[in-house]
Amino acid sequence: MKRALLWFRHDLRLDDNPALLRAAQAKEALLCLYCIEPRWFVADNWQSRRVGAHPWRFINESLLDLANRLEALGQQLVIRIGDPNTLIPGLMRNHWIDKLICTAPFGEEERRQYLALKQEVGEHRCEVWQSHTLFTLEQLPFALDELPPTFSQFRRRVQRIEWRPLYPPITELPKPLALTSETPPPVSTPPNPQYQGGQTAAEAHLAHYLAGAAPKHYKQTRNALDGWSSSTKLSPWLAQGCLSARTAVAQLEAYEAQQGANESTEWIQVELLWREYFQWVALAHGHRLFAFTGTSGVRRPCCFYPERFARWCQGQTPYPIVNAAMNQLNATGFLSNRARQLVASALVHELGLDWRYGAAYFQQQLIDHDVACNYGNWQYLAGVGADPRGWRHFDLDKQTALYDPDGTFVRQWQGLPVAQLDSLDAADWPVQEAP
């Protein structure tokens, strides 16, 4: 391999990155590439964009950090705007690049994109490496088409698999190709010191979290609606690959060796296994991850009321806890797991809407959007996914009494209720204009 092109996507880090280690074997030159696709920023059939303002700010910061780390090793990150299936073949052809290297995708759209690219440039010129998950496909004790239908079964099957060692850190890279980058779209949201993108911030956050007692109380605090130390908050960096899941597990095990393990530290690993399960669900079920009937093939009743969906997005429903959570999401790009469950339950059950509209809006807003986790969790709650109990309908009044008994969260995020759900009811249709 004389010249290689390393295509960064959801692996924006230098450590525990087998694709980068393989690319470092290029004898002559290496092109490190990130493609920004214009379609990310255009509303789709679900009225949402693939990448909204908050996640784009996080991605942009992650790219800056990656570029700085590459520069320290004498390399550069080249950013181009356009369709990778057009950009990459052109770059390989024009610069005599003989090998395309990337991390294996799990989302159906990303997987199809890579397969088309492989067909275009030639299968023998493409390599994919698995680093987005805790296990490789070969480590699973079952074939992918025999993936257990529930998480509990999956957990029992994989809990005895030994973690493989972390890949060694990169210390040297081939020289870069002298190419220029295009200017990324501007960032329109202010920096958030707590959620700053990049491997540097990821490592600092993980070290800070494991320096205190929070991991030992995780199981008791993880359902809190707010609070910085109530959960690990690792998901944004895991989603963009600024931090590998195996690095998180390795650091957690080092913490347990020094501080002692308990039910809470073990539950953090359970949560990472949930993330793992959803990745394999996405790969196993492909387009069914986005189907109305989900991976289970169950059809649930719903309609689409544009006004209801707009009010849910804007935090203007009759439910204060839902409004507060949506206001927080819109302001910060983040929600606790409990808040996500409550607003999703409201959209599906109280508002009677198609769950896919909610999933698409989460994709637009969340800085930690992971296609497998997001759509897998929405299916789980809507009763069309990997949940043996069927629908998960939360009593919003009861949940408010449990998790916001003094109204602190609702007041902080101004969850004011809207008395009437719909401005028009069925008897008002069709709307008649005044003469």
Side-chain angles (χ1 to χ4, degrees), residues 44-48 50 106-109 147-154 223 225 235 239 271 274-315 317-319 321-323 325-326 329 335-366 368-399 403 421:
D44 58 17
N45 293 339
W46 308 106
Q47 302 184 16
S48 297
R50 287 175 173 82
F106 280 78
E108 176 69 4
E109 189 174 272
L147 180 72
T150 66
F151 170 70
S152 297
Q153 296 174 24
F154 172 82
N223 280 319
L225 293 174
S235 55
E271 298 288 7
W274 259 113
R275 175 188 179 274
E276 182 81 4
Y277 179 56
F278 280 134
Q279 306 304 316
W280 298 114
V281 166
L283 189 61
H285 292 284
H287 67 90
R288 291 174 61 192
L289 190 68
F290 311 97
F292 174 64
T293 56
T295 59
S296 64
V298 175
R299 184 171 294 276
R300 300 292 186 185
C302 79
C303 284
F304 182 65
Y305 305 89
E307 182 182 14
R308 289 188 181 187
F309 177 59
R311 289 193 174 189
W312 179 83
C313 293
Q314 297 161 7
T317 74
Y319 317 107
I321 195 75
V322 172
N323 296 343
M326 295 305 293
L329 172 63
L335 275 182
S336 69
N337 182 62
R338 176 60 51 173
R340 296 182 199 204
Q341 291 178 333
L342 298 185
V343 300
S345 178
L347 180 132
V348 171
H349 302 293
E350 270 68 33
L351 306 184
L353 300 175
D354 185 334
W355 66 269
R356 293 173 295 179
Y357 282 89
Y361 190 72
F362 268 24
Q363 178 172 2
Q364 174 183 284
Q365 297 297 97
L366 287 171
D368 65 351
H369 177 262
D370 174 296
V371 65
C373 293
N374 182 41
Y375 281 84
N377 272 306
W378 271 92
Q379 285 199 11
Y380 189 85
L381 189 133
V384 297
D387 184 1
R389 284 175 47 185
W391 325 73
R392 297 248 169 185
H393 187 181
F394 288 88
D395 184 323
L396 296 176
D397 290 335
K398 182 178 179 180
Q399 293 289 309
Y403 297 108
L421 182 59

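Everything numeric in this text was worked out from a predicted model, so none of it was measured.
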**Message:** Any side-chain to backbone donor/acceptor pair from Tyr277 onto Pro148? Under 3.5 Å, distance only.
**Reply:** yes
**Prompt:** Of all heavy-atom pairs between Leu225 and Ala339, which one has the smallest distance, and what is that distance?
**Reply:** CD2-N, 4.0 Å
**Asked** If you measure from CG on Leu335 to CD on Gln341, what distance do you get to the nearest 0.5 Å?
**Response** 11.5 Å
**Asked** Is there side-chain contact between Phe278 and Asn377, with at least one heavy-atom pair below 4.5 Å?
**Response** yes
**Message:** Working to the nearest 0.5 angstrom, can you tell me the gap between His349 NE2 and Leu381 CG?
**Reply:** 5.0 Å
**Request:** Compare all side-chain heavy atoms of Val348 with those of Trp378 and state whether any distance is below 4.5 angstrom.
**Result:** yes
**Request:** For Tyr380 and Trp274, run ring pair (Phe, Tyr, Trp, His ring centres under 6.0 Å): C-alpha distance rounded to whole Å, both residues' side-chain angles, the deciding distance at 0.1 Å, then the answer.
**Result:** CA-CA 12 Å; Tyr380 189 85; Trp274 259 113; 5.5 Å; yes
**Complete:** Looking only at heavy atoms, the pair that brings Ala325 and Val343 closest together is CB-CG1, 3.5 Å
**Message:** Looking at Asn374 and Ala359, would you say the former's side chain and the latter's main chain have a donor-acceptor pair under 3.5 Å?
**Reply:** yes
**Asked** Would you find a donor on one side and an acceptor on the other, under 3.5 Å apart, between the side chain of Gln363 and the backbone of Val371?
**Response** no
**Message:** Between Phe292 and Trp355, is the ring pair (Phe, Tyr, Trp, His ring centres under 6.0 Å) condition met? List the steps.
**Reply:** CA-CA 8 Å; Phe292 174 64; Trp355 66 269; 7.8 Å; no
**Prompt:** Would you say the side chains of Tyr361 and Gln47 form a donor-acceptor pair under 3.5 Å?
**Reply:** no
**Asked** Do the ring planes of Tyr375 and His369 sit parallel (below 30°), tilted (30 to 60°) or perpendicular (above 60°)?
**Response** perpendicular
**Arg275/Glu271 ion pair, N-O < 4.0 Å** = no
**Asked** Do Val384 and Thr293 have side-chain heavy atoms sitting under 4.5 Å apart?
**Response** no
**Prompt:** Is a donor on one side and an acceptor on the other found under 3.5 Å between the side chain of Trp312 and the backbone of Met326?
**Reply:** no
**Asked** Do Ser296 and Arg288 have side chains that get closer than 4.5 Å, going by heavy atoms?
**Response** no
**Message:** Any non-hydrogen side-chain atom of Tyr403 less than 4.5 Å from a side-chain atom of Asn223?
**Reply:** yes
**Request:** Over all heavy atoms of both residues, which pair between Ala360 and Ser48 is shortest? Give the atoms and the distance, please.
**Result:** O-CB, 3.5 Å
**Fill in**
Rounded to the nearest 0.5 Å, the CZ atom of Phe309 sits from the CG atom of Leu347 at a distance of 7.0 Å
**Request:** Quick one: pull up CG in Asp354 and OH in Tyr305 and give me the separation to the nearest 0.5 Å.
**Result:** 12.5 Å
**Message:** Please evaluate residues Phe290 and Arg356 with respect to the criterion side chain to side chain contact (heavy atoms under 4.5 Å, CB included), reporting the C-alpha separation (whole Å), side-chain torsions for both, the decisive distance (0.1 Å), and the verdict.
**Reply:** CA-CA 7 Å; Phe290 311 97; Arg356 293 173 295 179; 5.5 Å; no
**Message:** So which atom in Leu289 and which in Gly376 form the shortest heavy-atom distance, rounded to 0.1 Å?
**Reply:** CD1-N, 4.0 Å
**Message:** Side chains of Leu366 and Arg340, heavy atoms from C-beta outward: is any pair under 4.5 Å?
**Reply:** yes
**Asked** Is any side-chain heavy atom of Leu353 less than 4.5 Å from a side-chain heavy atom of Arg308?
**Response** yes
**Main-chain N/O of Phe394 paired to Ser345 side chain as donor or acceptor, under 3.5 Å** = yes
**Prompt:** Considering all heavy atoms of both residues, which atom of Leu342 and which atom of Val322 are nearest to each other, and what is their separation?
**Reply:** O-CG2, 4.2 Å
**Asked** Looking at Leu396 and Ala346, what are the two nearest heavy atoms and their distance?
**Response** CD1-CB, 4.2 Å
**Prompt:** With no hydrogens and no angle check, is any side-chain donor or acceptor of Gln379 less than 3.5 Å from a backbone partner on Thr295?
**Reply:** yes
